[in-house]
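Working notes, beginning with the structure itself.
Proteins get letters first, then strands, A, B, ... in listed order; numbering begins at 1 in each. Just so you know, these numbers come straight off a predicted model, no measurement behind them.
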Protein chains: 2
Amino acid sequence: MTTLRAQKKRQTRKSILQAAIRLFTEKGFEQTSIEELARAAGIGKGTIYGYFATKQEIFLAFCEEEIDYVFKHMDEEVDPEAPLLEQIVALSMAQFDFVTANREFGRLFCREIAFPRESMADKSRELDAQYLGRVMQIIQRAQQRGELHADADPLLALANFHAFYLMVISGWYGGYFGTREMVATMLRALCRQSLIGWSNGDPGTAPDQKVMDQIKAPFAEMNPAALDLQEDDL
Amino acid sequence: MTTLRAQKKRQTRKSILQAAIRLFTEKGFEQTSIEELARAAGIGKGTIYGYFATKQEIFLAFCEEEIDYVFKHMDEEVDPEAPLLEQIVALSMAQFDFVTANREFGRLFCREIAFPRESMADKSRELDAQYLGRVMQIIQRAQQRGELHADADPLLALANFHAFYLMVISGWYGGYFGTREMVATMLRALCRQSLIGWSNGDPGTAPDQKVMDQIKAPFAEMNPAALDLQEDDL
DNA sequence: AGTCGAATTCGACTGCGGTCGACATTATCC
DNA sequence: GGATAATGTCGACCGCAGTCGAATTCGACT
């Protein structure tokens, strides 16, 4: 018995999401007010809060829709028989491209995923499970075909690669890696280095030294220079 | 010639920061309104915006004050002669303890540091340079005394360890690591594993298997289960 | 000292996220 | 089918971050 009420509710929820997709894409998340969204969905402002508790929650629902779409394509782009390093880098960079397609959007997304507020933790975990699950799959396949040590801990490997992914995105937003190429190079260098400890045989080609130098340039002065305290207290 | 104006300006800035430290500590960042802050600092609301462009900026300035204080103590706790693994873990966990002393505060801090908005990028870089600089120092010392391969790239090592730090904090906020012990164990396991590839000789004792199992438990079902798309479109 | 321009202070005002309680619609029970 | 409870809907309203222009204070120059 799908009651009339339940039907309407689903319909309204969909209207909101469709309006969200349109407006967020058109004018961005922060630039779209709840009132606007409600009007576009053909309902009153207060009604929205019967479906989503906060604006952030609408954002996450929006992401879910988008990311479903993206992952469908992503799966086609990663060759399941390529070396582990290549698969990891390809998948991570695909995710990176999606996230940073719109800088502003990506920052909000990363914040919500990496450091979710209590109330969003479940939704957030659900979302990056999409990504983590795929990495895990890649790792397990690599282990099955003997590319990874048999006694290597897959979960530790997953955490390892996920850490690198997080770091390069953070570095991108922090301005440490200015270009996509630098991000890719750094990611690959990190994964490769760690695979030396994890894998049997050659983990992959070394990173491009020119790009690495480019990355390093701004860190020239980071030796012991970080300690200059000001003294103008009281 | 320190003009009267400049003196007043510095004084007012300090009043704001002192009020911020008191109020943010007492009732939290989100619970403190700009108006309140202004009143506590003995000035009008609008005046604050002559000193800080946004509320976030006040937050970062507040963090700066706090973190200066924390780092002074932190330096005393890390033994510069201990094995690299121990130093990295000790420093990272000290930072972790500081950041998560107040869960709410820490989340805002991490978001601002890891994924800063354009306008905050400089301030944000300046802040984590405090942390990164110390890690770098530890790495370089380890390399000098031969614990790390001479041809290991220090910057890559820095990125490597920073990635792990970011990941465990993110995991903590995402609810993957419920306790401090789990965070420490995971961090140590990751660092140790990567040091196998980086270092000469034994990188350190293996992680506590019981805690690792504890961490793994929730991931039992993460094999290929991440792919269930809903089909209620149109 | 007196005057003018620049810097600073201030609170009323705007816009927005989120709440609330009055009202409307649908389900349930006799 | 009619009465009552449960569930949805709505926009006026609240609190707060950030803006703006009028008013005030300060420094420089005569």
Please report the distance, rounded to the nearest Å, between [atom1] in [X] and [atom2] in [N].
X	N	atom1	atom2	result
B/L37	D/dG18	CG	P	12 Å
A/K9	C/dA27	NZ	C1'	15 Å
B/L23	D/dC16	CG	P	13 Å
A/I16	D/dG8	CD1	P	13 Å
B/R13	C/dT8	CZ	P	14 Å
A/F29	C/dC16	CZ	P	13 Å
A/Q31	C/dG17	CD	P	10 Å
A/E36	C/dG17	CD	P	9 Å

Using a 3.5 Å distance criterion without hydrogens, assess whether the side chain of [X] forms a donor-acceptor pair with backbone atoms of [Y].
X	Y	answer
B/S170	B/L166	no
B/T100	B/F96	yes
A/R188	A/V89	no
A/K123	A/P116	no

Query raised in the report: Any side-chain N or O of B/K8 less than 4.0 Å from the OP1 or OP2 oxygen of C/dT8?
Result: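 No, because none of the side-chain N or O atoms of B/K8 sits under 4.0 Å from OP1 or OP2 of C/dT8.
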Query raised in the report: How far does the helix from C/dA1-D/dT30 to C/dC30-D/dG1 bend, going by the axes of its first and last five pairs, to the nearest 10°?
Result: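 Its terminal axes enclose an angle near 10°.
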Requested in this report: Identify, with sequence neighbours excluded, every residue that meets salt bridge (charged side-chain N to carboxylate O under 4.0 Å, His left out) alongside A/E118.
Outcome: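 Here the qualifying residues are B/R103.
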Query raised in the report: Between A/F164 and A/F161, how do the two ring planes meet: parallel, tilted or perpendicular, split at 30° and 60°?
Result: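 The arrangement is perpendicular - the two ring planes meet at more than 60°.
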**Report entry** B/K210/B/D213 under salt bridge (Lys or Arg N to Asp or Glu O under 4.0 Å): CA gap, chis, key distance, verdict
**Finding:** CA-CA 5 Å; B/K210 271 172 73 175; B/D213 288 344; over 6 Å; no
Query raised in the report: What's the shortest heavy-atom distance between A/L91 and A/I138, and which atoms?
Result: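 A/L91 and A/I138 have their closest heavy atoms at CD2-CD1, 4.0 Å.
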Requested in this report: Check DNA chain D against residues 42-58 of chain B and give the residues with a non-hydrogen atom under 4.0 Å, in numerical order.
Outcome: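 Only B/K45, B/Y49, B/T54, B/K55 qualify.
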Query raised in the report: Between B/E104 and A/R117, is there a side-chain N and carboxylate O pair less than 4.0 Å apart?
Result: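 Looking at A/R117 together with B/E104, the answer is no, because their closest N to O distance does not fall below 4.0 Å.
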